[in-house]
Amino acid sequence: MNRFNFEIRPFTIADYDVVLKLWKKSDGVALSAADEREAIALYLDRNPGLSLLATQGESILGTLLCGHDGRRAYLHHLAVEESSRRLGIGRALVMRALGNLSKAGIDKCHVLVLDTNEIGATFWKELGWEPRTGLQLYSQFCRDVAPLDQMI
Ligand SMILES: CC(C)(COP(=O)(O)OP(=O)(O)OC[C@H]1O[C@@H](n2cnc3c(N)ncnc32)[C@H](O)[C@@H]1OP(=O)(O)O)[C@@H](O)C(=O)NCCC(=O)NCCS
């Protein structure tokens with residue numbers, strides 16, 4: 001139990017519909033095809049127990065997706081119900097996730113924050129996360145790349 005009365009538990013796919021509603025109304029959470037039910041089910045299966053919810057009874061107050069590739073971890077979609085913000089829920093979700101990652105032997109964790117998300121940036125800095133300079137994120141859709149055997 002935390003200083004405000006909430007609990008933290010793993011996110012299961014049964015929670016998906018409620019969580020999606022929270023993501024949709026949360027500025028700072030950018031949704032894509034990777035957030036469809038099947039994709040989230042795959043993500044949760046691949047990273048068992050790492051993604052978390054903050055709950056109060058049956059209500060979901062906060063969400064955090066967390067996964068790693070055996071080398072680095074990544075957090076996504078930290079979101080807290082507007083009426084429950086500034087009560088330590090975001091901080092508690094992140095601290096629990098980092099503890100779980102550390103137990104799994106993962107040394108470092110990243111999070112992507114939209115340029116426009118000033119509150120998000122303030123939050124991460126307050127928690128001691130360092131904004132990175134000298135790096136740019138490059139992305140590509142895997143499906144757009146021809147298989148190697150068709151390229152040679
Ligand atoms: C960012 C967010 C998850 C923070 O959740 P939260 O539960 O309110 O955060 P916490 O209560 O744990 O705050 C921890 C600290 O972060 C800072 N902080 C959080 N929200 C802040 C705000 N609106 N303004 C200034 N500082 C803020 C404070 O220093 C706070 O500590 P304090 O309340 O003791 O001063 C929440 O505002 C949210 O859901 N925003 C919309 C979605 C989003 O942007 N997610 C981040 C994606 S990268």
Side-chain angles (χ1 to χ4, degrees), residues 8-55 60-82 84-152:
I8 294 180
R9 67 165 172 85
F11 175 5
T12 72
I13 197 62
D15 302 306
Y16 177 82
D17 290 335
V18 180
V19 167
L20 184 63
K21 279 188 195 149
L22 174 53
W23 289 345
K24 281 184 172 170
K25 63 185 179 185
S26 298
D27 287 343
V29 173
L31 295 176
S32 71
D35 299 301
E36 287 170 13
R37 181 187 300 274
E38 295 70 23
I40 292 294
L42 191 64
Y43 181 83
L44 297 177
D45 280 352
R46 195 179 183 285
N47 299 282
L50 291 181
S51 293
L52 301 171
L53 299 180
T55 61
I60 291 174
L61 303 183
T63 74
L64 178 63
L65 292 181
C66 173
H68 71 79
D69 56 18
R71 175 183 164 89
R72 296 295 189 228
Y74 301 85
L75 302 183
H76 310 271
H77 295 5
L78 174 66
V80 173
E81 277 288 352
E82 200 155 3
S84 300
R85 292 185 186 165
R86 299 302 293 268
L87 295 169
I89 293 175
R91 184 193 296 271
L93 285 166
V94 172
M95 299 307 282
R96 179 73 65 88
L98 290 185
N100 291 341
L101 289 167
S102 183
K103 280 186 214 152
I106 301 298
D107 185 43
K108 197 168 200 181
C109 186
H110 301 301
V111 65
L112 305 179
V113 182
L114 294 171
D115 273 348
T116 50
N117 190 353
E118 287 178 24
I119 291 173
T122 303
F123 170 86
W124 293 108
K125 285 183 202 161
E126 171 64 24
L127 266 66
W129 290 56
E130 298 277 343
R132 298 292 298 265
T133 55
L135 286 177
Q136 284 200 334
L137 182 69
Y138 287 69
S139 305
Q140 168 69 289
F141 287 107
C142 304
R143 63 173 180 265
D144 292 346
V145 180
L148 194 59
D149 60 357
Q150 291 177 19
M151 297 172 75
I152 50 176

If I compare all heavy atoms of T55 with all of R9, which pair ends up nearest, and what's the gap? CG2-NE, 3.7 Å
I'd like a table of donor-acceptor pairs (distance under 3.5 Å, sequence neighbours excluded) in which one partner is a side-chain atom from residues 126-133, with atom names and distances.
none

Evaluate whether atom CZ of R72 has more than 12 neighbouring non-hydrogen atoms of other residues, nucleotides or ligands under 6.0 angstrom away. yes
Main-chain N/O of W23 paired with T63 side-chain donor or acceptor, under 3.5 Å: no
Indicate yes or no: at least one non-hydrogen side-chain atom of L44 is less than 4.5 angstrom from one of Y16. no
Taking the side chain from N100 and the backbone from A97, do they hold a donor-acceptor pair closer than 3.5 Å? no
Which atom pair, heavy atoms only, marks the closest approach of C109 to L75? SG-CG, 3.5 Å
Test your reading of the model: is there a side-chain donor-acceptor pair from Y43 to the backbone of C66, 3.5 Å cut-off? yes
T12 backbone acceptor or donor facing D15 side chain under 3.5 Å: yes
List the atom of A79, the atom of V29, and the distance in Å for their closest heavy-atom pair. CB-CG2, 4.1 Å
Heavy-atom closest pair, residues I89 and A54: CG2-CB, 3.5 Å
Can you find a pair of side-chain heavy atoms, one from V80 and one from R86, that are under 4.5 Å apart? no
Side-chain contact, heavy-atom cut-off 4.5 Å: I106 with R71? no
Out of curiosity, K103 NZ to L50 CG, how far, rounded to the nearest 0.5 Å? 10.5 Å
L64 side chain near R96 side chain, heavy-atom distance below 4.5 Å: no
I13 versus R37, closest heavy-atom pair with distance: CD1-O, 3.7 Å
Check R85 against S26 and note the closest heavy-atom contact, atom names and distance. NH2-OG, 4.1 Å
A quick test of your reading: do over 12 heavy atoms of other residues, nucleotides or ligands sit less than 6.0 Å from CD1 of I119? no
Sort out for me which residue in L52, L53, L98 forms a side chain to side chain contact (heavy atoms under 4.5 Å, CB included) with L93. L52
First locate atom CG of L31, then atom NE2 of H76, and finally report the distance between them rounded to the nearest 0.5 Å. 12.5 Å
Per the side chain to side chain contact (heavy atoms under 4.5 Å, CB included) rule, which among D69, V111, N47 passes with Y74? D69
Non-hydrogen side-chain atoms of V94 and W124 separated by less than 4.5 Å: yes
Just verifying a value: how many Å separate M95 CE and I8 CD1, rounded to the nearest 0.5 Å? 10.5 Å
